[in-house]
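Have a look at the structure below, then the notes.
Predicted model, so just to flag it, every value in this text is computed and none were measured. Every chain is numbered from 1 and lettered A, B, ... according to where its sequence line falls, protein lines coming before strand lines.
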Amino acid sequence: MNIEQMLSGLNPQQREAVTAPDGPLLILAGAGSGKTRVVTCRIAYLIAEKGVKPWNICAITFTNKAAGEMRDRVNKLVGFGAEAINVATFHSTCVRILRRFIDRIGYQNNFVIYDTDDSKSVVREICKDLSVNTKIYKERTILARISSAKNELVYPDQFPEWAGNDPESVQTAQVYAEYQKRLKRNNALDFDDLIGLTVKLFRVVPEVLAYYQEKFRCLLVDEYQDTNKAQFVLVSLIAHKYHNLCVVGDDDQSIYRFRGADIGNILNFEKIFPEARVIRLEQNYRSTQTILDAANAVIANNQGRKEKSLWTDNGKGGKVILKRFETASQEAYYIVEDIARQKREGNFDYKESAILYRTNAQSRSLEEQLLMENVPYTIIGGVNFYARKEIKDILAYLRTIANGQDDLSVRRIINIPKRGIGETTIARIASYASSTGTSFFDAATQAAVIPGLARGSAKILDFVYFIQKLRRDCAGKDAAGIVKMVVDRTGYVKELEAERTDEALDRIGNIDELISKAAGAAGEDPSGSAGRSVTGLAALNAFLEQVALVADIDSFSDDADRVPLMTLHSAKGLEFDNVYIAGMDEGLFPGYRSISSGDSADMEEERRLCYVGITRAKKRLTLTSAKARMLRGQTEWYRVSRFVDEIPEDLLDDNRVKSPVRRDEAGKTSASFHMLSKAQEERKREHEEFLEKPFYMRSRTKAAAQSAARPAFGVDILKGSAMMGSASLAYGVGDRVHHIKFGDGTVKEIADGKRDKQVTVEFDQYGTKKMLAGFAKLQKI
DNA sequence: AAGTGTTAAATTTTT
DNA sequence: TTTAACACTT
C-alpha cells in the first residue's frame with residue numbers, strides 16, 4: 001500500500017504518532033482511538049520511509065490474540081518481508097531468546113515451561129519437605145510473594161533484604177530459594193522466569209544484550225500500562241542503545257496491578273526518558289458520545305492519571321440503560337430476554353451482544369438463563385483450557401516423552417492410568433533420585449536396584465518401557481499423531497468413555513480439541529522455516545512450546561453467532577455493539593476487597609476496570625444490578641455500585657423505582673409481596689434495615705452470618721417471587737395460555753426446577769419455549 | 001493402593 | 001456452592 005494513502009486516512013494526532021522521528025515515543029491511546037492501526041502504520045512507515053529493515057523491528061504485545069491481529073494487519077500493510085518482523089508476546093519473545101542463549105547463565109536450552117498449577121505443586125511439596133506450617137503461611141500467599149519478587153527482579157539471594165525479616169518473609173525466603181533450585185533441577189522455568197531470566201541473561205552476558213540491541217533496533221510495546229518492573233527493565237535494556245522505543249498504552253486501562261503491572265511505567269515515561277515525545281489520541285471511533293461521557297465521568301474520579309478526555313463524532317446515541325433487580329436470576333432473565341429481543345427485532349446479532357461481569361462466578365446464573373431461553377453463547381475464560389485435568393495429564397505424558405527431566409510431569413502420570421504404583425514407591429524413587437543426583441525418570445530406570453522396591457520394580461519398569469516405546473514411536477509422526485498415540489495407548493479416552501457421565505463426555509471433547517489444536521499447529525515451525533513439516537520429537541517440542549503460552553481469550557473468535565460472556569478483564573481490547581455489564585453492585589464491583597483494603601489504589605484499579613467495561617460498548621450499554629445474590633451458598637445483599645452514581649443522571653435511562661411500593665419484574669405474580677401479614681411485613685422491614693449495612697461491613701462471626709440469613713426472611717423472600725407463583729399455577733398441561741410477548745400457546749409440560757417450576761409451552765407463532773413459571777406471566781385463556 | 005467419606009476452605013482478575 | 005485436601009476404610 002502507498003504510504004501517502006495510508007497517512008491520509010489518519011487523523012492529525014495519529015499521523016503525528018506514525019511519523020514521529022526516532023527516539024522515545026509515548027502514545028497515550030484512549031479506548032477505541034485506533035491504537036493498533038497507529039502501531040501497524042508506524043511499522044509500515046518505518047520500513048517504507050525510514051529504511052528500517054523488517055528484521056530490526058520488534059513489536060511486543062501481551063496476548064497471543066493481540067499479536068496475531070497485529071501480525072495480520074502488518075502483513076497486509078507491509079507485504080514483502082513482513083514475516084521477518086518480530087511480532088510476539090513478551091513471553092514468547094523471551095522464550096525465543098532463552099532457547100538460544102540461556103546456557104550462558106547455566107540453564108539448559110531445552111527447558112520446559114511451568115504454568116501456575118505446576119508452580120503450586122512445587123511449592124506444596126517444598127512446604128511439606130521444609131515442614132512449613134501451611135495453616136499460617138498459605139501456599140497461595142507464598143507463591144504470590146515469590147511471583148511478585150520475580151516481577152520486581154528480586155532473586156532468592158536478595159529476597160531477605162527486600163522482604164524484611166518478619167516470620168512470614170523468612171519462611172518465604174526459604175521456600176523461594178528451594179523453589180528456584182527445584183525448578184532448575186527439573187529443567188523448568190515458570191512464567192515469571194521467562195522475563196526475569198532474560199533480564200538476567202542480558203545483564204550477565206553483555207554480548208547477548210548487544211546482539212539484541214542491534215537486532216531489535218526499533219522496539220514497539222503495546223499495552224504499556226500493563227508492564228511490570230521486569231518487563232520495563234527488559235525493554236529499557238534493549239532500547240538502551242538506540243532509544244528507538246515506542247510505547248503505546250492508556251493509563252486508564254491499567255487493570256493488572258494485582259499481578260505486578262506498574263502503572264508508574266507509563267505515568268513516569270517522560271521522567272525516565274526526558275527526550276520523549278508524547279502524543280495523545282483522544283478521538284474515539286468506537287462508541288457514542290453518551291457512552292464516552294459516562295466513561296469519562298467515571299474515570300474522572302481517579303487521582304493518579306494523565307488528564308485526557310475522549311470525544312467522538314459518532315452521534316450522541318441512546319442513554320445508558322440502568323436496571324435494578326431483586327435477585328441475580330431476575331437480572332439474568334432480563335439480560336437474556338433483552339438480547340433475544342434485540343436479535344428478534346433485527347437490532348443486534350447475538351455475537352454483538354456481550355455480557356461482561358466482574359467475577360467468573362457470575363456466569364452461572366446467566367448461563368442457566370441462556371440455556372433456558374435457547375440463546376447460543378460462549379463463555380470465555382474461567383478455567384483455562386490447558387489447566388484442565390485431562391489436558392494436563394496428556395500434556396504431562398507429552399512432556400515426559402519429550403524430556404524426562406521434568407520430574408513433576410513424570411510423577412503426575414506415573415500412576416495414570418492406575419498401575420498400582422503408590423505413594424511409598426514414588427517416595428522411594430524420589431529419594432534414590434536425589435541421593436544419586438539424577439532425575440526422577442532416570443532413577444525409575446534403575447528401579448531394579450533401588451532398595452525397598454523389590455516387589456514394585458516390575459511395575460515401574462513397565463512404565464519406563466512404555467514411555468521409551470512411546471518416545472521411539474514418535475518418529476515420523478506429527479504433533480497430532482503423537483497426541484493421538486498417547487491418548488490411544490494410555491487408554492485415557494476409553495476409561496472416560498466407561499464412566500458414561502456428562503462430565504466424562506466433556507473431557508473427551510476437550511481431548512479431541514487438544515488433538516485438533518495439535519493438528520492446527522502441525523508444520524508450523526516456530527523458527528521460521530515455513531513449508532517444511534516437522535515430525536517426531538521436534539514436532540512434539542514445537543507443540544509443547546506453543547501450548548505453554550496461550551490463554552483462553554486467544555482462541556476467541558466471533559465466527560459463530562453466539563453471545564459472548566466474559567470477565568471485564570478478558571474484555572479488554574474487544575468491542576461490541578451492545579454491551580451488558582452485570583453485577584453493578586457495591587461489594588461485587590467494586591469488590592469488597594478493594595473497598596475495605598483502605599488503599600485507594602485498589603479502588604482506582606476497580607474504577608479503571610469499570611472504564612474498560614463501559615468503553616467496550618459501541619452503540620448501546622446496559623448496566624444491571626441486583627439487590628441480592630447467592631455467594632458461596634449464602635444470600636448476600638448489595639446496594640448499587642458507586643460507579644453507577646458517578647455517571648451523571650442525564651446520561652442514564654434509570655428504572656430504579658422511586659415510589660415506595662416496588663413492583664418487581666414478575667409483575668402480577670409478585671402480588672405475593674402484598675399478601676404478607678402485618679407481622680411478616682414488620683420482620684421484613686427489620687431485616688432490611690439490618691441489611692442496609694452491606695454484608696462485608698457486618699461482623700463476620702459465623703453465628704451472625706447465619707442468623708442474618710435465616711430467621712428473618714432472607715432466602716425465602718428471594719425465591720418467593722418465583723416460587724409462590726408456581727405453588728398455585730392457574731394452568732396445567734394441555735391448557736391454552738397467553739404470553740405477553742409470544743402470544744397464545746399450549747402448555748406441553750410442567751417440570752419442577754431448582755427454584756421454580758419450568759413450563760414448556762408450544763406457542764402458535766414462536767415455537768416451543770421453556771420458561772420459569774414465576775417469570776413467564778402466563779395467563780390461562 | 002484404591003476408594004470412600006469427611007471436613008475445611010475459599011473465592012477477583014491471568015500472561 | 002464448589003473444590004480440594006485429609007483421614008479412614010477396604
Side-chain angles (χ1 to χ4, degrees), chain A residues 60-67 88-95 113-117 119-121 124 127-128 134-135 138-141 144 147 150-151 190-195 222-223 226-228 230-231 254-261 328 356-365 380-387 389 414-426 455-456 459 548-554 566-573 583 587-595 597 602 605-606 608-610 612-613 629-636 696 700 702 754:
Chain A
I60 302 185
T61 63
F62 272 86
T63 66
N64 297 297
K65 184 168 197 281
T89 63
F90 265 106
H91 295 270
S92 59
T93 304
C94 287
V95 168
I113 299 164
Y114 275 3
D115 64 21
T116 352
D117 240 45
S119 302
K120 203 181 154 209
S121 311
R124 191 170 44 230
C127 285
K128 229 175 241 164
T134 49
K135 286 263 147 49
K138 302 261 190 291
E139 287 151 9
R140 275 184 334 114
T141 321
S147 175
K150 288 186 174 191
N151 288 158
D190 66 19
F191 281 130
D192 302 321
D193 285 340
L194 296 177
I195 316 289
D222 191 20
E223 306 281 16
D226 288 331
T227 50
N228 61 33
Q231 288 158 337
S254 167
I255 53 173
Y256 286 108
R257 195 175 86 105
F258 68 94
R259 62 171 206 228
L356 312 181
Y357 36 75
R358 178 67 237 264
T359 63
N360 280 121
Q362 288 168 260
S363 66
R364 267 268 295 283
S365 54
I380 292 132
V383 198
N384 189 321
F385 179 78
Y386 291 101
K389 184 182 172 301
I414 193 167
N415 201 31
I416 294 176
K418 305 267 184 302
R419 298 186 174 89
I421 300 170
E423 235 172 272
T424 36
T425 313
I426 292 174
R455 199 167 49 85
K459 297 176 193 161
L549 297 172
V550 296
D552 260 16
I553 189 73
D554 294 335
M566 70 191 91
T567 63
L568 289 153
H569 281 88
S570 302
K572 196 178 69 160
L588 186 65
F589 185 35
Y592 73 91
R593 285 176 115 94
S594 26
I595 295 172
S597 84
D602 288 332
E605 173 131 323
E606 293 282 302
R608 290 193 292 268
L609 192 54
C610 183
V612 167
R629 47 182 95 234
M630 290 284 249
L631 189 67
R632 43 176 195 263
Q634 285 214 320
T635 304
E636 305 289 8
Y696 47 84
R700 294 300 308 177
K702 226 174 199 171
K754 259 191 215 159

- Task: Using atom CG of A:Leu631 as one end and atom P of B:dA9 as the other, report the distance to the nearest whole Å.
- Result: 17 Å
- Indicate, yes or no, whether a donor-acceptor pair under 3.5 Å links the base of B:dT15 to the side chain of A:His91. yes
- Message: Just the rounded figure in Å: distance from C1' of B:dT14 to CG of A:Asn360.
- Response: 10 Å
- Task: Look only at the side chain of A:Arg629 and the backbone of A:Ala328, and say whether a donor-acceptor pair between them is shorter than 3.5 Å.
- Result: no
- With no hydrogens and no angle check, is any side-chain donor or acceptor of A:Lys150 less than 3.5 Å from a backbone partner on A:Asp192? no
- Query: What nucleic acid atoms does A:Glu605 come within less than 4.0 Å of, heavy atoms only: base, sugar-phosphate, or nothing?
  - Reply: nothing
- Message: From C-beta outward on A:Thr359, which listed nucleotide comes closest to its side chain: B:dA1, B:dT13, B:dT14?
- Response: B:dT13
- Message: Between B:dT15 and A:Phe62, is there a base-stacking contact, meaning the centre of the base's six-membered ring lies under 5.5 Å from the residue's ring centre while the planes stay under 30° apart?
- Response: no
- Please state whether the rings of A:His91 and A:Phe191 are parallel, tilted or perpendicular, taking 30° and 60° as the class boundaries. perpendicular
- Query: Roughly, in whole Å, what's the span from CD in A:Gln634 to P in B:dT11?
  - Reply: 17 Å
- Message: Expressed as a whole number of angstroms, how long is the span from A:Lys572:NZ to B:dT15:C1'?
- Response: 11 Å
- Task: Identify whether any heavy atom of A:Gly420 sits under 4.0 Å from a base atom; if not, whether one sits that close to sugar-phosphate; answer base, sugar-phosphate or nothing.
- Result: sugar-phosphate
- Answer yes or no: is there a donor N or O on one side and an acceptor on the other, between the side chain of A:Glu139 and the main chain of A:Lys120, under 3.5 Å? no
- Task: Among B:dA10, B:dT14, C:dT1, find the nucleotide with the atom closest to the side chain of A:Lys138.
- Result: B:dA10
Identify each atom pair where a protein N or O and an N or O of nucleotides 3-10 of chain C are less than 3.5 Å apart, giving names and distance.
residue : atom : partner  : partner atom : Å
C:dA5   : OP1  : A:Arg124 : NH1          : 2.7

- Side chain of A:Arg140 only, please: which of B:dA2, B:dT11, B:dT14 is the nearest? B:dT11
- According to a strict under-4.0 Å criterion, is A:Asn415 in side-chain N/O contact with OP1 or OP2 of B:dA2? yes
- The nucleotide from B:dT15, B:dA1, C:dT2 with an atom nearest the side chain of A:Thr425 is B:dA1
- Task: Write down the distance between CD1 (A:Ile255) and P (B:dT13), rounded to a whole number of angstrom.
- Result: 12 Å
- Just how far, in rounded Å, is P of B:dT11 from CZ of A:Arg632? 9 Å
- Most 5' of A:Thr116 and A:Thr424 on DNA chain B, judged by nearest nucleotide: A:Thr424
- Query: Can you check whether A:Leu631's main-chain N or O pairs, donor with acceptor, with A:Thr635's side chain at less than 3.5 Å?
  - Reply: no
- If you check every side-chain atom of A:Thr567, which of B:dT13, B:dT15, B:dA2 has the closest atom? B:dT13
- Upstream residue (5' side of DNA chain B) when A:Ile421 and A:Glu606 are each assigned their closest nucleotide: A:Ile421
- Message: Within the 4.0 Å heavy-atom criterion, would you say A:Phe589 contacts the bases, only the backbone, or no part of the nucleic acid?
- Response: nothing
- Query: Rounded to the nearest 0.5 Å, how far does CD1 of A:Ile255 lie from OG1 of A:Thr567?
  - Reply: 8.0 Å
- Message: So, taking the atom named NZ in A:Lys572 and the one named CG in A:Leu356, what distance separates them when rounded to the nearest 0.5 Å?
- Response: 14.0 Å
- Starting at atom CZ of A:Arg593, determine the distance to atom P of B:dT13, rounded to an integer number of angstrom. 11 Å
- Item | Whole angstrom value for the distance that separates C1' of B:dT15 from NZ of A:Lys65 | 15 Å
- Task: Using the test ring pair (Phe, Tyr, Trp, His ring centres under 6.0 Å), find all partners of A:Phe90 that sit at least two apart in sequence or belong to another chain.
- Result: A:Phe62
- Message: For a quick check of understanding: with a heavy-atom distance under 4.0 Å over all strands, which category does A:Asp226 fall into, base, sugar-phosphate or nothing?
- Response: nothing
